[in-house]
Amino acid sequence: MTEAQATPPAFRESRDWIETIAFDDHGLVPAIAQDAVTGRVLMFAWMNREAVEKTVELGEAVYFSRSRQKLWHKGEQSGHTQTVREIRLDCDGDVLLLSIEQHGGIACHTGRESCFYRRLEDGRWQTTDEVRKSPEAIYGHG
């Protein structure tokens with residue numbers, strides 16, 4: 001069951017809950033996407049108020065792209081959507097944690113499961129995760 005389905009309609013309609021979120025001066029809040037089963041952190045992105053509202057409404061992750069200055073429905077190009085199972089707000093109200101089901105097993109635009117695929121070892125970044133599908137195959141360009 002998605003967050004939107006699990007959330008009573010009155011809760012979604014009142015919007016009082018969104019006032020608890022401490023958006024920054026740019027109207028953004030950091031959002032961490034974590035695999036609902038394994039607990040692995042898959043990615044980090046930003047959300048504005050509209051992205052948060054859309055995420056709750058759709059039950060799928062919608063972020064705000066700072067580079068494109070627009071909403072970004074995760075998987076809109078790649079097909080690797082994220083079904084939201086739960087949304088949590090941290091103690092300061094300024095970070096969201098999305099417990100998600102990652103469709104296609106790829107969260108990163110590099111074709112990996114997680115955006116956090118490099119680990120610092122002996123002063124160097126070591127790649128720990130293999131590419132599951134090339135970005136060219138996912139997005140159709142090089």
(message) Before you tell me yes or no, could you show the steps for Q34 and L42 under side chain to side chain contact (heavy atoms under 4.5 Å, CB included), namely the whole-Å CA-CA distance, both residues' side-chain angles and the distance that decides it to 0.1 Å?
(response) CA-CA 5 Å; Q34 181 180 37; L42 300 179; over 6 Å; no
(request) Using the side chain to side chain contact (heavy atoms under 4.5 Å, CB included) rule, take I106 and R112 through it: C-alpha gap first, then chi angles, then the decisive distance, then the call. (result) CA-CA 5 Å; I106 298 171; R112 293 176 172 87; 5.9 Å; no
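- In this structure, L98 CG and F44 CZ are separated by 12.0 Å, a value rounded to the nearest 0.5 Å.
- Heavy-atom neighbours of R124 CZ from other residues, nucleotides or ligands within 6.0 Å: at or below the threshold of 12.
- For the pair S114 (side chain) and Y117 (backbone), a donor-acceptor distance under 3.5 Å is absent.
- A distance-only check finds a donor-acceptor pair linking the side chain of T55 to the backbone of V62 [under 3.5 Å].
- At a threshold of 4.0 Å, the pair E86-R88 counts as salt-bridged, since one of the basic side-chain nitrogens sits closer than that to a carboxylate oxygen.
- For the pair K74/M43, a side-chain contact is recorded, criterion being any heavy-atom separation below 4.5 Å from C-beta on.
- Between the R119 side chain and the T127 main chain, no donor and acceptor come within less than 3.5 Å of each other.
- Using a cutoff of 4.0 Å between basic side-chain nitrogens and carboxylate oxygens, K70 and E50 are not scored as salt-bridged.
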(request) Check step by step if side chain to side chain contact (heavy atoms under 4.5 Å, CB included) holds for I138 and H80. (result) CA-CA 9 Å; I138 296 169; H80 303 139; 3.8 Å; yes
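- Atom CD of Q69 is surrounded by more than 12 heavy atoms from other residues, nucleotides or ligands within 6.0 Å.
- Residues M47 and E53 form no side-chain contact, since every pair of their non-hydrogen atoms from C-beta on lies 4.5 Å or further apart.
- With salt bridges taken as basic N to acidic carboxylate O contacts below 4.0 Å, none links E60 and K54.
- A continuous path of Ile, Leu, Val, Met, Phe, Trp and Tyr side chains, each step under 4.5 Å between heavy atoms, connects L58 with F64, placing both in one hydrophobic cluster.
- Distance check: R132 CZ to E130 CD gives 11.0 Å after rounding to the nearest 0.5 Å.
- For the atom pair E113 CD and D35 CG, the distance stands at 7.0 Å (nearest 0.5 Å).
- Side chain of D92 to backbone of D94: no donor-acceptor contact under 3.5 angstrom is found.
- For H73 against A61, the heavy-atom pair with the smallest separation is CD2-O, 3.4 Å.
- Following chains of ILVMFWY side-chain contacts shorter than 4.5 Å, one can reach V29 starting from I18, so the two form part of one hydrophobic cluster.
- Taking the six-membered ring wherever Trp is involved, the centroid distance between the rings of Y63 and W72 falls below 6.0 Å.
- Distance check, rounded to the nearest 0.5 Å: CD1 of I87 to OG of S99 gives 10.0 Å.
- Classification of R40 and D129 as a salt-bridged pair holds, one side-chain N sitting under 4.0 Å from a carboxylate O.
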(request) Before giving the answer on side chain to side chain contact (heavy atoms under 4.5 Å, CB included), spell out for I32 and V41 the whole-Å C-alpha distance, their side-chain angles and the decisive distance to 0.1 Å. (result) CA-CA 7 Å; I32 301 163; V41 173; 3.7 Å; yes
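- To the nearest 0.5 Å, atom NZ of residue K133 and atom OG of residue S78 are 8.5 Å apart.
- At a threshold of 4.5 Å between non-hydrogen side-chain atoms, the residues W17 and V52 count as touching.
- Using a distance-only test at 3.5 Å, with no hydrogens or angles considered, no donor-acceptor pair links the side chain of N48 to the main chain of L28.
- Using modelled atom types, one finds no donor on one side chain facing an acceptor on the other under 3.5 Å when comparing Q126 with E121.
- Counting only heavy atoms from C-beta outward, the side chains of L89 and I21 approach each other to under 4.5 Å.
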